[in-house]
Amino acid sequence: MLGLKNIGHMMALWALLAVTPRTWAVDSITPPTTGPTKYEQQLASECDALIDRAVKWPYGWGWAETSSDDLPAVEEETRLPPQLRLLKHQQRVAVTRRQPTDVSLRPETTPAAGLLLLQAGQILRQPRFITAGLNAARGVAVASGQANGRIADKLVLGSSPGPASQPESIPDRSNTCAGIVLMLSAMETCDGDQHDYLKRAAARSTRWLISQQGETGIWPRLYAIHGDLKNTRRLVRLDDSDLPRCTYTCLLARQYLSELPLDRSIDRGTEFLLRLRIDPTVRFGANLWATAYTPDCAVVQDLEDIPAAVDTQATSNAMQTLLAVYLLSSNDHTSDHAGDGLSHAVNAAQKLPIHEGKYARLYDPFGVDHIAPADNAPFKFSQTQPARELIDSAYRTWGDYGLA
């Protein structure tokens with residue numbers, strides 16, 4: 001079974017980077033002329049099982065989040081004869097039609113399921129999977145209309161749909177990014193009123209997304225000091241995927257939503273990211289990135305659990321973001337700046353000390369080769385990321401584009 005938790009990041013990343021327009025309209029799908037292979041049969045079976053577990057309403061579909069305890073039962077269901085599987089599906093439908101049901105809108109759940117079905121429909125040339133992916137996008141579009149474009153963690157599907165969670169002061173943007181990607185992808189499968197409906201919903205969510213960006217180009221996060229939600233600060237974290245996720249989404253959306261100021265958002269975000277680079281006079285990590293910053297571009301130095309150090313995970317995220325901007329930005333000036341920043345970062349990364357073929361996660365920019373984690377536990381290179389092979393591979397890729 002393709003568990004929802006396992007397919008989300010793979011499909012979201014594919015969709016965010018697969019920016020070449022495709023024609024996925026259901027009417028244009030030509031039925032296969034030869035019999036399916038073993039793996040095509042397996043994919044089709046798993047997609048049918050995914051469809052069976054959907055919460056279905058006329059205005060859209062969604063999936064409840066599956067816990068790890070439920071996965072064995074889900075996998076077992078895929079092995080049942082079609083008649084028994086249909087019976088279980090009908091039982092679930094009867095239950096969901098009697099009562100409202102919470103569905104998850106986290107990236108690895110409904111958006112990932114919808115993207116997977118759209119892609120599987122194209123690969124297998126099966127219109128029913130594309131239609132199912134379109135129904136998932138319609139469910140996300142309903143959520144987009146509940147909070148001025150912001151997509152919450154959950155949506156209640158029932159006779160009257162509604163949000164199942166309250167917005168935070170600085171909300172998580174990952175749901176909205178994943179939802180935008182699904183709606184934009186589904187737009188290529190339909191036309192007429194459905195196409196216009198999805199475009200309006202995607203535009204509404206994209207407006208909300210770029211409204212979260214500061215005027216200087218920052219994508220702030222609310223950080224709870226020592227886990228205390230009453231004691232928070234606005235920070236820019238580069239050690240998670242928020243920055244590349246938001247940038248990829250804007251790069252994709254600008255191809256479909258030309259009426260929105262997405263180029264300006266991408267340009268500002270790129271310039272801000274370049275301003276965050278570590279001072280070129282330090283011993284280690286010049287032109288690379290630290291873990292977290294204040295909104296005015298200063299490295300965070302006064303929080304015990306956020307070390308003021310060169311962070312290779314943050315650097316990897318920053319370099320991936322610059323690479324995407326270099327390849328996909330419509331602004332030559334911004335693209336050139338991103339390319340220059342990548343070139344300097346690649347050269348700097350090659351100068352960092354390594355041990356047994358691996359980079360340390362953190363480096364002291366002013367002296368020692370590497371530093372221990374913030375909890376002062378003994379430093380172990382086996383715990384560090386990314387591995388040397390990752391950056392070497394990226395270095396070769398950038399070299400192919402003339403950046404290194």
Side-chain angles (χ1 to χ4, degrees), residues 1-8 10-12 14-15 24-27 29 31-32 36 39-67 70-98 100-143 154-155 157-158 161 178-179 181-183 185-186 188-190 194 198:
M1 173 68 183
L2 289 175
L4 293 179
K5 285 184 175 294
N6 297 328
I7 63 176
M10 176 186 72
M11 291 306 302
W14 166 83
W24 286 357
V26 173
D27 294 341
I29 296 295
Y39 298 107
E40 288 174 338
Q41 289 178 326
Q42 181 180 348
L43 177 59
S45 175
E46 291 175 347
C47 286
D48 283 330
L50 194 59
I51 292 172
D52 287 347
R53 299 191 69 82
V55 179
K56 302 180 179 75
W57 286 83
Y59 52 80
W61 294 7
W63 281 262
E65 190 161 8
T66 304
S67 71
D70 297 330
L71 290 178
V74 171
E75 187 172 354
E76 182 65 27
E77 187 173 323
T78 65
R79 302 192 183 100
L80 293 175
Q83 298 86 348
L84 288 179
R85 199 168 68 194
L86 177 61
L87 177 61
K88 284 185 171 291
H89 169 63
Q90 291 172 338
Q91 291 171 344
R92 278 195 297 270
V93 170
V95 171
T96 57
R97 284 181 176 171
R98 289 196 301 267
T101 304
D102 286 3
V103 298
S104 174
L105 301 176
R106 295 293 301 161
E108 65 274 14
T109 55
T110 295
L115 287 165
L116 176 62
L117 289 166
L118 288 175
Q119 179 69 345
Q122 178 70 3
I123 293 172
L124 301 175
R125 289 176 287 176
Q126 292 291 348
R128 72 181 187 276
F129 296 149
I130 293 180
T131 300
L134 175 60
N135 284 327
R138 292 170 58 230
V140 170
V142 170
K154 294 181 180 180
L155 176 71
L157 291 185
V181 171
L182 174 57
M183 290 185 285
S185 300
E188 297 183 353
T189 72
C190 58
Q194 285 199 85
L198 289 175

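In this chain, residues are counted from 1 in sequence order.
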Applying side-chain hydrogen bond (donor to acceptor under 3.5 Å, both in side chains), name anything that partners Q194, two or more places apart in sequence or on another chain. none
Paired with F129, the side chain to side chain contact (heavy atoms under 4.5 Å, CB included) test is passed by just one of D48, L50, L118, L43, namely D48
List for me each residue that meets side chain to side chain contact (heavy atoms under 4.5 Å, CB included) alongside Q41, sequence neighbours excluded, and say none if there are none. P36
Quick one, P111 and V181 - any side-chain contact, counting heavy atoms below 4.5 Å? no
Which residue in the set L134, T189, V140 passes side chain to side chain contact (heavy atoms under 4.5 Å, CB included) when paired with L198? L134
Pairwise distance CZ(R138) to CG(L182) - rounded to 0.5 angstrom: 12.0 Å
Output the distance between atom CH2 (W63) and atom CG (L157), rounded to the nearest 0.5 Å. 10.5 Å
Taken to the nearest 0.5 Å, the spacing of I130 CD1 from N135 CG works out to 12.5 Å
CD/E40 to CD1/I123 distance, rounded to the nearest 0.5 angstrom? 9.0 Å
Considering residues at least two apart in sequence or located in another chain, which fulfil the side chain to side chain contact (heavy atoms under 4.5 Å, CB included) criterion with A132? I51, W61, L117
